Amino acid sequence: MEKIYITTAIPYVNGAPHVGHAMDYLLADVCSRYQKMLGNEVRFQAGTDEHGNKIFQKAKELNIPTKEYVDQNANKFKDFIKKLNVEYTDFVRTTDEAHEKRVQEIWEKLKDHIYLSKYEGWYCSGCERFITEKEYEENHGVCPDHQKPYERLEEENYYLKISDFKADIRDAIVSGKMLILPDFREKEILKLLDESPDVSISRPRAQLTWGVPVPGDDNQVMYVWVDALCNYLTVLGYPEQDIADFWPALAQFVGKDILRFHAIIWPAILLALGLELPKTLVSHGMVLSNGQKMSKSIGNVVDPLEVLEKHGTEAFRYFFLRHIDTFSDSDFTWEKYENAYNNELANDLGNLVQRLATLAYKNNFVYEKAEISLPDEYRDLMKEFKFNLAFDFVWGKVQDVNKQIDDDAPWSLAKNGETKKLNEALNSEISNLLIANKMLEPFLPETSAKIAQIFTNQIDPPKEPLFPKTK
RNA sequence: CGUGGGGUAGAGCAGCCUGGUAGCUCGUUUGGCUCAUAACCCAACGGUCAGUGGUUCAAAUCCACUCCCCACAACCA
């Protein structure tokens with residue numbers, strides 16, 4: 001038995017949960033459940049990123065204390081994760097006292113690689129960030145998002161010396177010690193790595209109040225990087241606790257938009273702390289809506305809670321784990337979702353369970369439990385984190401059972417009194433279904449449990465269909 | 001010349017690395033079955049594989065160029 005650590009990106013809680021957040025959780029959950037199925041012990045982190053000006057200002061607008069505001073939003077995310085039936089074991093909030101204390105201790109440990117420096121450039125107070133010269137020229141000196149002219153600003157920041165670690169990070173990536181999936185993202189990162197400047201990891205207190213103070217410097221507050229990225233460690237109790245059992249993580253799941261921070265800044269922090277790098281960084285794609293990136297201005301944002309409400313958690317998991325590519329961008333439309341529910345969940349699987357259970361019941365067939373082993377092809381796909389392909393493979397097996405029933409035609413055997421052949425046929429069909437069902441477990445845990453329950457010794461057809469048609 | 005991905009049947013995709021009858025799912029049409037949620041199974045229809053040129057006996061697949069779409073570019077997932 002191995003001890004396995006799996007992480008998800010912590011969302012910035014200045015808004016409601018997004019469909020994209022669900023991808024992180026679901027992929028990590030499939031990974032976690034699969035590992036548990038193999039008999040491993042899993043710690044599975046989830047959490048929320050709660051510092052920064054945007055949150056501070058939002059709370060101000062709403063006229064409620066910042067702490068109260070982040071409490072509310074953190075709960076929204078917890079509820080959301082629960083609704084997805086994601087089995088995380090540890091939840092970390094960057095405003096947790098323990099996290100803040102540990103992050104300060106981590107800062108102290110990083111000190112050899114931190115230096116203070118001045119930065120001068122164009123700044124947008126709305127975006128709260130410095131703008132590149134190029135961007136400044138393109139926008140003619142006015143922020144397009146905030147309609148405000150950029151200001152010339154000089155400030156002192158602490159910097160983390162990425163340059164100290166570039167060579168080691170490159171080696172880790174190239175050698176596969178820290179595997180970046182998919183491989184085309186790895187290529188991208190290797191290119192970016194060379195150009196990566198040292199990263200600013202603090203802000204003057206005047207600019208940023210809602211954050212963790214830099215130890216030993218009252219004028220500076222930690223910017224997002226050290227604070228947020230280190231959640232993966234602090235949640236395990238680092239630095240005061242020994243984390244060797246679970247660190248390095250087997251897999252860290254992130255969206256492609258934040259892969260670069262996890263593939264460059266994060267490894268630099270880890271190396272500075274003398275810790276190992278995660279074994280795998282899995283970067284998933286974006287969920288598009290009608291072929292476009294979801295955006296408030298286009299008005300095509302899909303509310304995950306609405307999708308969840310439509311056909312429940314299992315249908316949600318089904319669609320997003322099978323029809324959204326694990327690594328690339330994929331499209332969500334309601335039509336596709338309905339199609340998948342009716343044709344695949346209801347017709348392929350739901351109906352299969354119904355017909356097979358009824359056949360067994362009507363013929364007084366008793367199934368004797370047999371050992372189930374997982375096919376190599378499935379194991380390989382799961383090991384490579386190709387979850388949607390693994391799910392496709394499983395579905396092929398489900399469809400095969402439908403074919404097999406038609407070929408065997410048990411109803412004819414029953415009519416002709418060929419009892420022995422009938423029992424053999426039913427036994428084989430149910431065995432095949434249960435193998436597929438076992439493979440289904442990480443993806444659709446509730447459904448898988450229900451099916452396993454139905455095909456115990458005494459088989460009763462379910463009174464309610466597994467996936468009732470809506471029309 | 002910022003970086004990366006992509007352009008293959010009505011839709012969504014695989015195949016391309018390791019050239020040799022163009023495949024899968026959904027949709028459409030026809031047939032079969034009757035155990036089942038009017039579900040299931042067989043079959044058919046449907047593509048000049050973005051374009052141009054090159055290499056080759058042979059190119060969706062390799063090379064060059066062109067056109068078009070998308071994502072990322074210090075946290076709007």
Side-chain angles (χ1 to χ4, degrees), chain A residues 9-12 14-15 17-24 49 52 54 127-132 134-135 145 182 184-192 195-197 199-201 223-225 228-229 254-261 264-265 283-288 291-297 301 304 322-323 325 327-331 333 335-336 339-340 342-363 388-389 392 395-396 399 401-415 426 429 461-462 464-471:
Chain A
I10 55 174
Y12 195 58
N14 64 342
H18 188 282
V19 171
H21 297 122
M23 288 311 297
D24 256 24
D49 176 14
K54 278 185 191 166
C127 302
E128 286 170 42
R129 65 180 179 92
F130 283 95
I131 310 299
T132 60
K134 200 177 157 194
E135 215 172 336
D145 295 333
F184 61 79
R185 294 281 170 229
E186 178 181 299
K187 263 195 286 183
E188 208 170 270
I189 292 299
L190 285 173
K191 281 253 165 66
L192 275 168
E195 308 155 5
S196 290
V199 63
S200 156
I201 53 171
Y223 188 52
V224 61
W225 306 123
L229 287 168
V254 297
K256 68 171 180 184
D257 52 333
I258 54 169
L259 174 65
R260 57 185 53 201
F261 317 126
I264 296 172
I265 300 175
S283 151
H284 65 256
M286 301 284 193
V287 180
L288 308 176
Q292 284 179 301
K293 184 174 171 174
M294 288 185 206
S295 103
K296 281 175 190 164
S297 50
V301 177
R322 176 147 187 245
H323 292 300
D325 190 288
F327 302 123
S328 312
D329 294 355
S330 305
D331 196 29
T333 66
E335 193 190 349
K336 282 179 188 172
N339 205 358
N342 286 313
N343 291 315
E344 296 168 17
L345 277 176
N347 293 352
D348 285 347
L349 181 61
N351 180 58
L352 169 62
V353 168
Q354 201 74 29
R355 71 193 295 218
L356 197 47
T358 307
L359 278 168
Y361 175 74
K362 287 190 177 170
N363 293 295
N388 67 312
L389 295 182
D392 278 347
W395 214 258
Q399 290 170 320
V401 180
N402 268 322
K403 283 194 186 83
Q404 192 191 349
I405 295 176
D406 273 66
D407 289 344
D408 292 346
W411 50 88
S412 298
L413 297 174
K415 209 180 273 177
L426 288 175
E429 290 153 10
E464 291 294 318
L466 250 40
F467 300 101
K469 288 266 185 100
T470 41
K471 285 175 196 168

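What you see is a predicted model, and the numbers here were worked out from it, not measured in a lab. Residue numbering restarts at 1 for every chain, and letters A, B, ... go by the order of the sequence lines.
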Which nucleotide in the set [options] lies at the smallest distance from any side-chain heavy atom of [X]?
{"X": "A:Trp411", "options": "B:rC26, B:rA74, B:rC33", "value": "B:rC33"}
{"X": "A:Val199", "options": "B:rA36, B:rA74, B:rA71", "value": "B:rA74"}
{"X": "A:Val224", "options": "B:rC75, B:rC72, B:rU37", "value": "B:rC75"}
{"X": "A:Asn343", "options": "B:rG4, B:rA71, B:rC26", "value": "B:rC26"}

With a non-hydrogen cut-off below 4.0 angstrom, is [X] in contact with a base, only sugar-phosphate, or nothing?
{"X": "A:Pro11", "value": "nothing"}
{"X": "A:Gly350", "value": "base"}
{"X": "A:Asn363", "value": "nothing"}

Salt bridge flag under 4.0 Å for residues A:Arg355 and A:Asp406:
yes
Salt bridge check, A:Lys256 against A:Glu188: does any charged N sit closer than 4.0 Å to a carboxylate O?
no
Nucleotide opposite [N] in a Watson-Crick or G-U pair, distances under 3.5 Å:
{"N": "B:rC62", "value": "B:rG54"}
{"N": "B:rG15", "value": "B:rU8"}
{"N": "B:rA71", "value": "B:rU3"}
{"N": "B:rA22", "value": "none"}
{"N": "B:rA77", "value": "none"}

With distance as the sole test, does [X] use its side chain to make a donor-acceptor pair with the main-chain N or O of [Y] at under 3.5 Å?
{"X": "A:Asp329", "Y": "A:Met286", "result": "yes"}
{"X": "A:Asn339", "Y": "A:Glu335", "result": "no"}
{"X": "A:Ser328", "Y": "A:Gly285", "result": "no"}

RNA chain B: 5'-proximal contact among A:Ser412 and A:Ile258 (nearest heavy atom)
A:Ser412
Given that A:Phe467 and A:Asp406 both sit by RNA chain B, which one's nearest nucleotide is further toward the 5' end?
A:Phe467
Tell me the interatomic distance from A:Lys469, atom NZ, to B:rA38, atom P, rounded to whole angstroms.
7 Å
